[in-house]
Amino acid sequence: MYRERQKQLAEAVRRVLKAEWEIELAEVVMEQPPELSMGEFALPVAFELARKLRKAPRVIATELAEKLRGELRPESGFTSFETAGAGYINVRLEREDLALALAADGATNFSKNAARILVEHTSINPNKAAHVGHLRNAILGDTLVRILRAAGYSVDVQNYIDNTGVQVADVVVGFLHLDGKSPQQIEALIASCDALGAEAREGRFDYICWELYARVSQWYSEGTEEQQRQRKALRYETLHEIERGDSEVARVADRISTAVLHLHLLTMQRLGIEYDFLPRESEILHLKFWDRAFELLKQSGVLYHESQGKNAGCWVMTRPDAKVTKGETDEDAKVIVRSNGTVTYVGKDIAYHLWKFGLLGADFGYRKFFEYPNHTCWISCMEGAVEHPHFGGAGAIYNVIDSRQSDPQANVVQALRGMGHAEAADRYTHFSYEMVALTPRCAQDLGYHVAEEDRSRAYIEVSGRKGFGVKADDLLDKLTAATRSEVDARQPERTEAERQMIAEQIAIGALRYFMLKFTRGSVIAFDFKDALSFEGETGPYVQYTAVRARNIFRKSGTTPEQAMEAMRKSAAGAIQEDALWAIWLRAARREQALTAAIQSAEPATLARHSFQLAQEFNNFYHKHHIMTEEDPARKILLLATAAVALRELTVLLHWMGIDVPEAM
RNA sequence: GGGCGAGUAGCUCAAUUGGAUAGAGCAACGGCCUUCUAAGCCGUAGGUUACAGGUUCGAUCCCUGUCUCGCCUACCA
């Protein structure tokens with residue numbers, strides 16, 4: 001209904017401008033007045049016309065408002081057009097119409113969208129436990145998936161697994177050479193970790209790898225020069241063995257990376273994050289994705305063989321926006337194939353992205369890897385199940401990858417464009433975000449040594465290599481413990497299991513909201529004090545608000561559905577009070593908020609939207625005591641308002657992957 | 001050197017993409033629990049939007065220059 005009104009208004013403005021002044025606008029800008037009492041829409045169009053018509057904005061606005069009054073009579077749902085400020089036209093709607101439409105239909109109204117979208121997120125190197133930075137990635141990515149689906153898109157979720165990279169090699173070197181374990185001993189260790197279960201923290205396999213990875217990184221830079229040279233050689237020898245596959249070292253690497261991957265999936269499942277497909281680098285290598293891509297790149301002339309300068313003997317690609325003088329060597333070119341014939345990370349990524357868009361002419365093998373309650377997560381393999389879903393061949397893609405990777409991401413887009421796939425390049429979104437870092441105080445609290453020069457900085461970058469960071473499961477544990485003690489105090493009559501469930505829901509609400517409330521371009525300087533806060537602009541605040549609304553229905557002996565029904569049957573729709581109208585109007589703007597979040601690729605706007613609704617409801621809740629309301633007609637309206645708030649909060653929280661607990 | 005991002009209240013962040021009086025949360029101060037849950041509500045205080053120009057009806061937002069901070073810029077992945 002709200003969007004219908006918006007459309008009607010825009011069309012009316014177009015008609016009037018055409019008829020009166022022969023003006024056609026590309027788009028009719030529509031804003032929200034700063035105060036509720038001013039109406040539902042604000043049109044700044046008179047400012048735009050001032051120059052063309054050589055008249056003051058206010059004069060134009062007055063004339064235009066008059067004409068609009070003629071176009072959109074009160075019986076069509078528009079009650080007033082007022083000139084305001086320096087030349088705005090404020091438009092009021094019939095509130096009752098809008099409220100009754102909302103009471104009748106609570107669905108998100110979007111038509112099914114044919115385009116298939118592929119979202120890649122998480123993509124943690126499978127060589128150590130996940131940390132806070134990975135949480136930001138996964139939570140942003142998962143929320144993007146949820147809102148795209150809410151908007152009617154069909155979305156596949158992929159988590160790219162770099163199981164043949166140097167990071168995995170480092171842990172392999174650590175186990176085999178630094179700790180002197182045999183492949184059998186590593187196998188036994190993984191088995192004993194499995195037996196302990198993911199709930200164990202000490203002795204959890206990805207935690208062991210975390211510590212080992214830091215130790216190995218340290219080991220590379222210790223010792224005599226000769227030792228360092230040998231260790232480095234060992235590192236690359238191991239890497240190349242893993243890349244080639246089909247050796248004991250490669251099997252050890254596969255065993256380790258698969259075990260860590262499995263734990264990552266469990267960690268993310270705690271947060272309600274699931275994947276459809278796990279493409280692995282090992283298959284990109286062994287299924288010859290790169291060989292095909294290499295041919296295509298050479299044919300299209302995107303890659304050329306450099307014969308001079310520092311990149312002599314390499315296949316290189318000109319960078320986006322590079323200023324290259326004809327006849328001169330482009331020293332700044334991006335190396336894709338090294339002089340020794342091996343392909344770089346960007347090269348493999350180009351092949352992978354050709355596959356994503358269905359432009360490679362090759363596909364993975366697929367086999368089942370992980371079962372969620374409601375669906376299966378598949379993994380790539382050489383030859384898999386005969387019957388399997390097909391991933392890839394997407395109409396549009398989103399890569400949730402932090403801003404440090406914007407350069408390689410741009411290289412991939414550049415390659416696609418250079419190969420003539422301009423359409424694919426246009427539908428390639430690097431969903432970029434800034435990193436999560438730790439405040440110096442947080443680092444010190446965790447027991448890390450903080451260098452003198454770092455103490456005055458706003459934040460310090462986390463580093464897996466240094467073992468410097470906050471592990472995802474530790475953070476979730478800490479949040480759950482904090483919420484649990486609060487729940488125990490507030491809900492003593494509930495069972496142990498109920499209290500634990502509530503505590504976990506609140507912990508997840510706090511964490512997910514915390515990661516979503518910052519806009520993507522802002523570095524999160526992580527601190528336990530902020531992350532463990534449950535007051536003010538936090539997930540628990542919004543959850544608590546929904547629980548308050550729910551309690552009204554628990555105690556009043558009616559349901560939200562019945563309250564809506566009663567509202568429709570009675571003529572209780574007249575809503576004069578702003579405290580009530582704010583809630584109905586925000587509910588009416590659900591689709592607008594969703595569209596804005598998708599178009600700007602900014603989930604933070606939704607987090608804010610939900611917080612504002614929560615504030616509006618708490619304000620209403622404080623002003624009006626619903627259960628003791630004596631006027632029956634009034635009580636119906638108040639109950640329906642609580643019902644619409646509860647429904648809206650539940651939907652918005654769900655889009656962010658946050659549940660509404662039974663009680664708080 | 002080049003590219004990207006950031007600089008807004010004591011702190012952490014917003015600002016409908018150029019609009020009305022720049023808003024929230026935390027921290028501070030002052031009120032509100034016999035009432036549907038105080039993880040809440042109301043109020044006070046807090047601003048030269050890094051700086052200097054420019055564009056126009058209008059600039060936190062766009063342009064130019066300067067300063068500060070972070071990240072990226074390897075034949076690492």
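Letters go in sequence order (proteins before strands), and every chain restarts at 1.
- For the pair A:Val335 and A:Pro57, both in contact range of RNA chain B, the more 5′-proximal nearest nucleotide belongs to A:Pro57.
- In the set B:C76, B:C36, B:C75, B:C36 carries the atom at the smallest distance from any side-chain atom of A:Lys555.
- Residue contacts shown for A:Ala42 include a base, since a base heavy atom lies under 4.0 Å away.
- In this structure, the CG atom of A:Leu43 is 14 Å from the C1' atom of B:A20, given to the nearest Å.
- A:Glu535 and A:Thr538 share no donor-acceptor pair across their side chains, judged by distance under 3.5 Å alone.
- Residue whose closest nucleotide on RNA chain B sits further toward the 5' end, between A:Ala458 and A:Glu243: A:Ala458.
- The stretch residues 536-550 of chain A participates, sequence neighbours left out, in these salt bridge (charged side-chain N to carboxylate O under 4.0 Å, His left out) pairs: A:Glu537-A:Arg608, A:Arg550-A:Glu662.
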Q.
Can you give me the dot-bracket string for RNA chain B, 5' to 3', counting Watson-Crick and G-U wobble pairs with both distances under 3.5 Å, using [ ] for crossing pairs and | for partners on another strand?
A. (((((((..((((.....[...)))).(((((.......))))).....(((((..]....))))))))))))....
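- Taking the syn range as angles within 90° of 0, the glycosidic angle of B:U73 is outside it, so the base is anti.
- The side chain of A:Ser600 lies closest to B:U17, out of B:C13, B:U17, B:C41.
- Separation of atoms CG (A:Leu479) and CG (A:Leu532) is listed at 5.0 Å; rounding is to 0.5 Å.
- Neither side chain, A:Glu243 nor A:Thr164, offers a donor N or O lying under 3.5 Å from an acceptor on the other.
- Within the structure, every side-chain polar atom (N or O) of A:Asn340 is placed at least 4.0 Å from both OP1 and OP2 of B:C75.
- In this structure, A:Asn127 contributes its side chain and A:Gln167 its backbone to a donor-acceptor pair below 3.5 Å.
- Rounding to whole angstrom units, NZ of residue A:Lys623 and P of B:C36 are separated by 20 Å.
- Atom pair A:Arg520:CZ and B:C4:P shows a separation of 16 Å (rounding to whole Å applied).
- B:G47 and B:U21 have their C1' atoms separated by 13 Å, given to the nearest Å.
- Contact annotation: side chain of A:Arg490 to base of B:A39, donor-acceptor pair present below 3.5 Å.
- With C1' as the reference atom, B:A27 and B:U12 are 11 Å apart, rounded to whole Å.
- Sorted by first and then second residue, the salt bridge (charged side-chain N to carboxylate O under 4.0 Å, His left out) pairs involving residues 610-621 of chain A (not counting sequence neighbours) are A:Arg586-A:Glu616.
- Side chain to side chain, A:Arg589 and A:Gln32 meet the donor-acceptor criterion of an N or O pair below 3.5 Å.
- Taking the six-membered ring where the residue is Trp, the centroids of A:Phe534 and A:Tyr541 are separated by 6.0 Å or more.
- In terms of polar N and O atoms assigned as donor or acceptor, the side chain of A:Asn90 comes within less than 3.5 Å of the base of B:A20 in a complementary pairing.
- In this view, A:Glu40 satisfies the salt bridge (charged side-chain N to carboxylate O under 4.0 Å, His left out) rule with no residue, not counting sequence neighbours.
- One finds the OG1 atom of A:Thr344 at 6.5 Å from the NZ atom of A:Lys334 (value rounded to the nearest 0.5 Å).
- Taking atom C1' in both B:C63 and B:U55, the straight-line distance is 7 Å, to the nearest Å.
- Nucleotide B:C75 holds its P atom 12 Å from the CG atom of A:Asp330, rounded to whole Å.
- For A:Tyr345, the ring pair (Phe, Tyr, Trp, His ring centres under 6.0 Å) criterion is met by no residue, not counting sequence neighbours.
- The aromatic ring of A:His622 is not stacked on the base of B:C42, since the criterion of ring centres less than 5.5 Å apart with planes inclined by under 30° is not met.
- Its glycosidic angle being within 90° of 0, B:C33 falls on the syn side.
- A heavy-atom distance below 4.0 Å to RNA chain B is reached by these residues of residues 522-542 of chain A, ordered by number: A:Ser522, A:Val523, A:Phe534, A:Glu535, A:Gly536, A:Glu537, A:Tyr541.
- Taking the C1' atom of each, B:A52 and B:A15 are spaced 25 Å apart, rounded to whole Å.
- Of the side-chain N and O atoms in A:Gln167, none sit less than 4.0 angstrom from OP1 or OP2 of B:C76.
- For the pair A:Phe47 CZ and B:C57 P, the computed distance is 12 Å after rounding to whole Å.
- Nucleotides B:G43 and B:A24 are separated by 10 Å at their P atoms, to the nearest Å.
- For the pair A:Arg548 and B:A38, the criterion of a side-chain N or O lying under 4.0 Å from OP1 or OP2 is met.
- At whole-Å resolution of the value, CD in A:Gln409 and P in B:U73 are 13 Å apart.
- Comparing the C1' positions of B:A59 and B:C72 gives a spacing of 30 Å, expressed to the nearest Å.
- In this structure, A:Glu48 places its CD atom 16 Å from P of B:U56, rounding to the nearest Å.
- One can place OH of A:Tyr459 at 11 Å from C1' of B:G7, the figure rounded to the nearest angstrom.
- Spacing between B:A9 and B:A50 at atom C1', rounded to whole Å, works out to 15 Å.
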